[in-house]
**Student:** 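Attaching a single structure in C-alpha cells format; questions to follow.
In listed order, ligands and their atoms are each counted from 1. This is a predicted model, so every value here is computed, not measured.
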Amino acid sequence: MTNFDRTHIWHPYTSITNPLPTYPVKSASGSRLTLEDGTELIDGMSSWWCAIHGYNHPVLNAAAETQLGKMSHVMFGGLTHEPAIRLARQLVELTPDPLQYIFFSDSGSVSVDVALKMALQFWHNQGRPEKHRMLTVYGGYHGDTFGAMSVCDPITGMHKLFSGAVNKHLFAPRPEPQFGSTLTATDLEPIQQLLETHNNEIAAMILEPIVQGAGGMWFYSAEYLNAVAQLCKKYDVLLILDEIATGFGRTGKLFASEHAGITPDIMCLGKALTGGYMSLAATLCNERVRDGISANDGILMHGPTFMANPLACNIASASIDLLLKSDWQQKVATIEQQLTHELGKYCSHDAVADIRVLGAIGVVELHKQIDIAEAQKAFVAAGVWIRPFGKLAYLMPPYTINTTDLSKLTSAIGLILE
Ligand SMILES: *Cc1c(COP(=O)(O)O)cnc(C)c1O
C-alpha cells in the first residue's frame, strides 16, 4: 500500500521520485490519529489548523449523514439551498457587522483569488483600472494558486520558480513589532512610503491578521494591524484580511482582527470553517465593495463547480454551532497557559532561538533547520503527530485536547532539541 503511495502520489511540496516518508493513517478520533499498524498518535496539528473539535465528532458526523440523505451536492448556478443560506446567515452574523455579502468557494487559496478579483473588479468598475496592484508584507502565506501565490512571501512563495507567471506586487518588510508590543515611529515608514508613492496603482492591501502562519509562524503587534488599517483608509486602498488560519478562535478571539479592533473591506475564511471535515471557504465583503463591483451591471466573475457544496455547508453550520455552544474561549486560554508554561521551559536551551505562544498556537523556533524526516520519526516513536517546517516546531492542537495529551506534545518537542 505505502509502496504505491511512494511511487505514484505527490504529497505537499515533495518530490515524487525522492519522497519523504509518509505514515498511513487508519482512523482518527478525538485528538488521536491511529496508524495502520495500530500506533496511536496525539494530534498536535489539527490537520493544519482545521480540526478544532477533534476528529470523528458525533455532532459533525450527524450533520454529514443528515445532509447525505438529502443531497451531497448540487450546482449553485441557478439553484440555491438551505445549508448555504443558513451558513451565510451564521457567517454574516459572526463576522464584524459591515461584512454582509458572501461568496462560497472550495478552498482557502480560491477564496483569496476571489478576494483579489473583488478588489480588482471594484476599482475597474469605478473607472480606475490603474489600481490593479496588491500591497502586502514579507513573510505572508495566502495559498498556492497563482493569484494567492503572487501575494505570498516572494522567497518561500516560490516566485523565482514561477517568475514571469506570477504578477509583481508590492512588498513591505515583515511586521517587526511582536504581538503585545507597542509601535515605534519607524515601524510603519516602509508601508507609508509604498502607499504614498503607489496608492494610485494599489487596489488592496492583503494581510494575515496578527499571525503570519505558513510563512513563519510570526505573531505581530495589534497596534501595527490597526495602524495599517488606518493607512489603507487614508490612501483609499481596500483592506483584505486573510483569516483562513486565524478564524474561529485559534488566537483567542473568534477572528484575529478583533485583537486590533478593526474590520476589513474583504475577509477570507477557510480551514476550521468545517471543523476539518471538508474543503470549504468563503470570501465576505462590505457594502462599499459590493456596490463597487455591482455598479453598471457588474457581475462577480467567479463560479467554482463545487461552490457552496451542501454537505460542506451543513457540516460548517454544525461546526459553528458546536464552537459557539462550547466554552472555546476558556479552552483556548487554558491551552495558551499550558503552552506558555511548558514550552517556556525550553527557552534557555542552546538549540532554541525563540518561543512564541498565542491562543492555541505554540511555536519553538530553533537556530538550525529541522530535518523533517528525522524529526517526524522521533515524534511518531514518541506517540505524537507534530510536523515541523524550516526552523520551526509548533503545536496547534484541537481545542478539545486534554492537559495530559498536551503535556505529551510539549514534552515531545524537547526530543528534537537534543
Ligand atoms: C492555508 C492557508 C491558505 C490556503 O488555503 P488552502 O485551503 O490550502 O487553499 C490561505 N491563507 C492562509 C492564511 C492559510 O493559512
Side-chain angles (χ1 to χ4, degrees), residues 10-14 45-52 95 103-119 134 136-154 156-158 166 169 174-175 179 204-220 225 239-251 253-257 259 264 266-284 302 304-309 312-313 315-316 319 358-361 363 387 389-390 392 394-396:
W10 261 291
H11 283 260
Y13 315 106
T14 54
M45 299 278 89
S46 299
S47 286
W48 282 339
W49 316 81
C50 300
I52 53 175
T95 52
F103 188 97
F104 285 116
S105 54
D106 34 20
S107 80
S109 302
V110 174
S111 79
V112 169
D113 278 16
V114 170
L116 301 180
K117 276 192 180 176
M118 281 181 175
M134 302 295 155
T136 186
V137 292
Y138 284 94
Y141 178 78
H142 298 284
D144 290 347
T145 53
F146 276 94
M149 200 164 56
S150 72
V151 287
C152 288
D153 183 275
T156 56
M158 308 162 284
V166 169
H169 294 307
R174 180 178 84 161
F179 187 77
M205 166 113 205
I206 178 165
L207 286 173
E208 291 159 278
I210 305 296
V211 174
Q212 291 189 307
M217 302 298 286
W218 179 251
F219 311 151
Y220 65 87
L225 182 57
L239 178 61
I240 302 171
L241 289 185
D242 175 350
E243 292 260 14
I244 291 167
T246 48
F248 305 102
R250 182 58 65 178
T251 68
K253 303 274 187 195
L254 205 46
F255 301 103
S257 44
H259 289 287
I266 302 172
M267 183 191 271
C268 300
L269 297 173
K271 290 206 159 109
L273 176 57
T274 63
Y277 266 55
M278 294 190 67
S279 185
L280 182 70
T283 312
L284 289 101
H302 213 87
T305 307
F306 284 95
M307 183 168 178
N309 173 258
C313 286
I315 298 168
S319 174
L358 177 63
I361 318 167
V363 183
R387 186 166 170 84
F389 71 93
L392 305 169
Y394 64 98
L395 299 173
M396 40 197 189

**Student:** With heavy-atom distances below 4.0 Å as the criterion, list the atoms of ligand 1 near Asp242.
**Tutor:** 10 (C), 11 (N), 12 (C), 13 (C)
**Student:** With no hydrogens and no angle check, do the side chains of Thr145 and Asp113 hold a donor and an acceptor under 3.5 Å apart?
**Tutor:** yes
**Student:** Examine the proximity of ligand 1 to Trp48 and report which part, side chain or backbone, both or neither, has a heavy atom under 4.0 Å away.
**Tutor:** neither
**Student:** Taking the side chain as C-beta and beyond, is there a heavy-atom pair between Phe103 and Pro304 under 4.5 Å?
**Tutor:** yes
**Student:** Which option wins on minimum heavy-atom distance to atom 15 (O) of ligand 1: Lys271, Glu208, Glu243?
**Tutor:** Lys271
**Student:** Short list, please: which atoms of ligand 1 are under 4.0 Å from a heavy atom of Ile244?
**Tutor:** 2 (C), 3 (C), 10 (C), 11 (N), 12 (C), 14 (C)
**Student:** Give a yes or no on whether the backbone of Thr246 and the side-chain of Thr251 come within a donor-acceptor separation of less than 3.5 Å.
**Tutor:** no
**Student:** Do Glu243 and Phe248 make a side-chain contact, defined as non-hydrogen atoms from C-beta onward lying under 4.5 Å apart?
**Tutor:** no
**Student:** Using a 4.0 Å cutoff against the non-hydrogen atoms of Ser109, which atoms of ligand 1 qualify?
**Tutor:** 4 (C), 5 (O), 6 (P), 9 (O)
**Student:** Number the atoms of ligand 1 from 1 as they appear, then name those within less than 4.0 Å of a heavy atom of Ala245, with their elements.
**Tutor:** 15 (O)
**Student:** Could you check whether Lys117 and His302, counting side-chain N and O atoms only, form a donor-acceptor pair closer than 3.5 Å?
**Tutor:** yes
**Student:** Is the cationic atom of Arg174 (NZ for Lys, CZ for Arg) positioned less than 6.0 Å from the six-membered ring centroid of Trp218 and within 45 degrees of its normal?
**Tutor:** yes
**Student:** Distance to 0.1 Å, residue and atom name: give those for the protein heavy atom nearest to atom 5 (O) of ligand 1.
**Tutor:** Gly108 CA, 3.3 Å
**Student:** What atoms of ligand 1 come within less than 4.0 Å of a heavy atom belonging to Ser107?
**Tutor:** 7 (O), 9 (O)
**Student:** Testing Val211, Ile361, Ile210 for side chain to side chain contact (heavy atoms under 4.5 Å, CB included) with Arg250, which one passes?
**Tutor:** Ile361
**Student:** Show the atoms of ligand 1 that are less than 4.0 angstrom away from any heavy atom in Gly143.
**Tutor:** 4 (C), 10 (C)
